[in-house]
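Contents: one structure, followed by commentary.
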Amino acid sequence: MQDQGAPMPYPQYGYPPPNAQSHQDPSMYMAGPPAGMYNPAAQAPMSPGYYPQQGMPFMPMGGGGGGGDQTNFMPAQFLQNPVMANMAMQYGQSLVGQGKEALDRELNKYVATSRIKYYFSVDTAYVAKKLALLLFPFTHRDWSVKYNPDEPVQPRYELNAPDLYIPAMAFVTYLLIGGVSLGIQERFSPEGLGIQASTALVWAFIEVLAIWVTLYIMNIQTKLTSFDILAFSSYKYVGMIVAVIASFIMPSAYHLALIYVSAATMFFLIRSLKVQILPESSHDSYGEQNTSFTGEGSKRRTYLLLFMGGLQPLMMWWLTRQIARP
C-alpha cells in the first residue's frame with residue numbers, strides 16, 4: 001500500500017507544488033519543460049499572426065517564409081486551371097441566358113416581340129416603293145393585303161401591309177427638318193426642339209386613343225391592332241416633311257404643298273383602310289361572316305373611315321404651322 005503522506009514530485013511548467021516551502025529554490029519551477037518535450041512556443045516564431053491552439057496545426061497568416069502570399073495565390077491558381085475557367089464561363093452563360101428568358105417573358109406579357117419584328121421587316125425596295133405610294137397614291141390600283149394562314153405577309157413582300165419603319169424614320173426626320181427650319185428663322189433652341197418632339201408624341205397618342213375610343217363607342221369589330229392604327233396614322237409625317245422642305249424653297253409654296261400631301265395622305269389612308277374596315281360584301285377581308293357590315297353597321301364603319309381620313313390634314317397642318325417658314 002502506497003504511503004499517502006509522502007510528497008510526490010511536481011515537475012512541469014513552473015507551477016509550484018502544493019504546500020511548498022518558501023525557502024526552496026524557485027529556479028526549479030521556472031526552468032520550463034524538460035528537453036525533448038514538445039513546446040509550441042519554442043518551435044514557431046512569435047509573429048503578429050501566430051495564434052497557437054491545442055490540437056490544430058499552426059498556419060502563419062502574415063505571408064512570411066517561402067510559401068508566398070496565399071491570398072493572392074489561390075485566385076491566380078483558380079483562373080489558370082482550364083477546367084475551373086470553363087465551368088465559370090458556362091455558369092456565367094447560363095445566368096445570362098436565364099436573365100434574357102426572364103426579360104423576354106415579362107415583355108411578352110405586354111408586347112409580343114415577334115409582333116414588333118413583323119412591322120420592321122422591310123428592305124430598301126419596299127421603302128422606296130412605299131414612299132412613292134405615299135406621295136403618289138392616285139394611280140395605285142390593288143389595295144388588298146395578302147395574308148398567310150396565320151398572319152399577314154411581311155411588309156417587304158406586301159406593299160400594302162403597314163409597317164413602323166417608315167413612320168419611325170419619318171418622325172425623326174421631321175424633328176431634324178424642324179430644327180433646321182427654326183435655325184434658318186433664327187428661332188432654334190434645344191428646349192424648342194424638345195417641345196416639338198414631345199408635342200408630336202402627345203398628339204400621336206391622342207390620335208390613336210381617339211380612334212380606339214371611336215371603335216369602342218360605335219361597337220365596330222375589326223382585326224386592326226394598335227400597331228396597325230399607329231402605323232397608318234403616322235404615315236402623315238412623310239407629307240409633313242415635304243411641306244416643310246417646300247417652305248425652304250419658297251415660303252408661299254408651303255400651303256400648296258400642304259394641300260397636295262394632305263389630299264394624298266387622306267386618299268392613301270381611306271383606300272388602305274377600306275379593305276380592313278369596310279369590305280364590299282358581308283364577308284370581311286379574312287373571309288369570315290360578319291353581319292355588322294350591312295345596314296347600320298356599314299354606316300358606322302363609313303363614319304369611322306371618314307373620321308380617320310379627315311383627321312390627317314388637320315394634324316398635318318397643326319404640327320407644321322410653327323416650323324414652316326412664313
Side-chain angles (χ1 to χ4, degrees), residues 104 107 111-181 193 196-197 200-201 204 207-208 223-249 253-254 257-258 260-276 285 308-309 312-313 315-316 319-320 323-324:
D104 293 340
L107 288 177
V111 179
T113 307
S114 60
R115 189 61 180 170
I116 296 179
K117 291 180 180 179
Y118 163 81
Y119 291 97
F120 288 91
S121 179
V122 300
D123 55 11
T124 305
Y126 168 82
V127 173
K129 293 178 180 179
K130 195 59 172 282
L131 290 177
L133 178 60
L134 290 171
L135 296 177
F136 307 101
F138 305 104
T139 58
H140 192 64
R141 292 293 179 263
D142 185 13
W143 295 92
S144 61
V145 180
K146 299 180 179 64
Y147 278 81
N148 287 328
D150 296 331
E151 61 181 7
V153 178
Q154 293 182 355
R156 59 182 173 181
Y157 302 121
E158 176 53 56
L159 181 62
N160 296 323
D163 72 283
L164 288 175
Y165 176 80
I166 292 179
M169 295 298 103
F171 178 80
V172 176
T173 307
Y174 159 75
L175 297 180
L176 297 177
I177 293 296
V180 173
S181 178
L193 193 62
Q196 177 188 351
L201 289 175
E207 182 179 3
V208 175
K223 290 189 176 181
L224 287 175
T225 65
S226 57
F227 291 114
D228 294 335
I229 296 176
L230 178 63
F232 282 118
S233 63
S234 298
Y235 283 130
K236 61 178 173 289
Y237 289 105
V238 176
M240 292 162 57
I241 293 171
V242 174
V244 175
I245 293 178
S247 68
F248 295 168
I249 302 173
Y254 162 72
L258 182 63
Y260 173 78
V261 295
S262 298
T265 303
M266 184 170 59
F267 182 84
F268 166 81
L269 190 63
I270 292 177
R271 293 302 304 268
S272 298
L273 293 178
K274 182 180 179 181
V275 297
Q276 303 287 343
S285 59
M308 295 177 64
Q312 304 308 306
M315 296 292 296
M316 295 172 69
L319 293 175
T320 57
I323 61 176

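The residues of the chain are indexed from 1 along the displayed sequence. FYI, side chains are in, hydrogens and waters are out, and symmetry mates aren't considered; it's all heavy atoms of this structure. This one's a predicted model, so the numbers in the text were calculated from it and none came from an experiment.
- Taking the side chain as every heavy atom from C-beta outward, M240 and V261 never approach each other to under 4.5 Å.
- In terms of heavy atoms, V275 sits closest to S272 at CG2-O, 3.3 Å.
- S233 contributes atom OG, which lies 10.5 Å from atom CG of D228 (distance to the nearest 0.5 angstrom).
- Of the inter-residue distances, the one linking I166 atom CD1 with T173 atom OG1 reads 11.0 Å to the nearest 0.5 angstrom.
- Counting only heavy atoms from C-beta outward, the side chains of P155 and Y118 approach each other to under 4.5 Å.
- Between atom NZ of residue K129 and atom CG of residue D123 there is a gap of 8.5 Å, rounded to the nearest 0.5 Å.
- Within a 6.0 Å radius of OH in Y165, no more than 12 heavy atoms belonging to other residues, nucleotides or ligands are found.
- Between L224 and L273 the shortest side-chain heavy-atom distance falls below 4.5 Å.
- Each side chain to side chain donor-acceptor pair (under 3.5 Å) pair with one or both residues in residues 133-143, not counting sequence neighbours, appears once here: H140-N160, D142-S144.
- At least one donor-acceptor pair closer than 3.5 Å links the side chain of K130 to the backbone N or O of L159.
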Walk me through whether F138 and F267 qualify under side chain to side chain contact (heavy atoms under 4.5 Å, CB included). CA-CA 8 Å; F138 305 104; F267 182 84; 4.0 Å; yes

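- Q154 approaches S121 most closely through the heavy-atom pair OE1-OG, 2.8 Å.
- Summarising the geometry, atom CG belonging to L134 is positioned 10.5 Å from atom CG belonging to L269; distances are rounded to the nearest 0.5 Å.
- Judged as a side-chain contact (heavy atoms from CB on, under 4.5 Å), and not counting sequence neighbours, the contacts of L230 are L164, V208, S234.
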Determine whether F268 and T265 satisfy the following criterion, side chain to side chain contact (heavy atoms under 4.5 Å, CB included), listing intermediate values before the conclusion. CA-CA 5 Å; F268 166 81; T265 303; 5.6 Å; no

Please report the C-alpha distance between V145 and V153 in whole Å, then the side-chain angles of each, then the deciding distance to 0.1 Å, and finally whether the side chain to side chain contact (heavy atoms under 4.5 Å, CB included) criterion is met. CA-CA 8 Å; V145 180; V153 178; over 6 Å; no

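- A search for side-chain contact (heavy atoms from CB on, under 4.5 Å) contacts involving M266 returns I270, P313, not counting sequence neighbours.
- Among residues two or more places apart in sequence or in another chain, the ring pair (Phe, Tyr, Trp, His ring centres under 6.0 Å) test is passed with Y174 by Y237.
- Listed by chain and residue number, I177, V180, S181, I184, V244, R325 satisfy the side-chain contact (heavy atoms from CB on, under 4.5 Å) test with F248 (two or more places apart in sequence, or in another chain).
- Salt bridge annotation for E207-K236: present, with a cationic side-chain nitrogen under 4.0 angstrom from a carboxylate oxygen.
- Listed by chain and residue number, nothing satisfies the ring pair (Phe, Tyr, Trp, His ring centres under 6.0 Å) test with Y260 (two or more places apart in sequence, or in another chain).
- For D163 and Y235, the side-chain atoms include at least one donor-acceptor pair closer than 3.5 Å.
- Taking all atoms of both residues into account, the shortest heavy-atom contact from A231 to P162 is CB-CB, 3.9 Å.
- Taking a 6.0 Å sphere around OH of Y157, one finds it holds 12 or fewer heavy atoms contributed by other residues, nucleotides or ligands.
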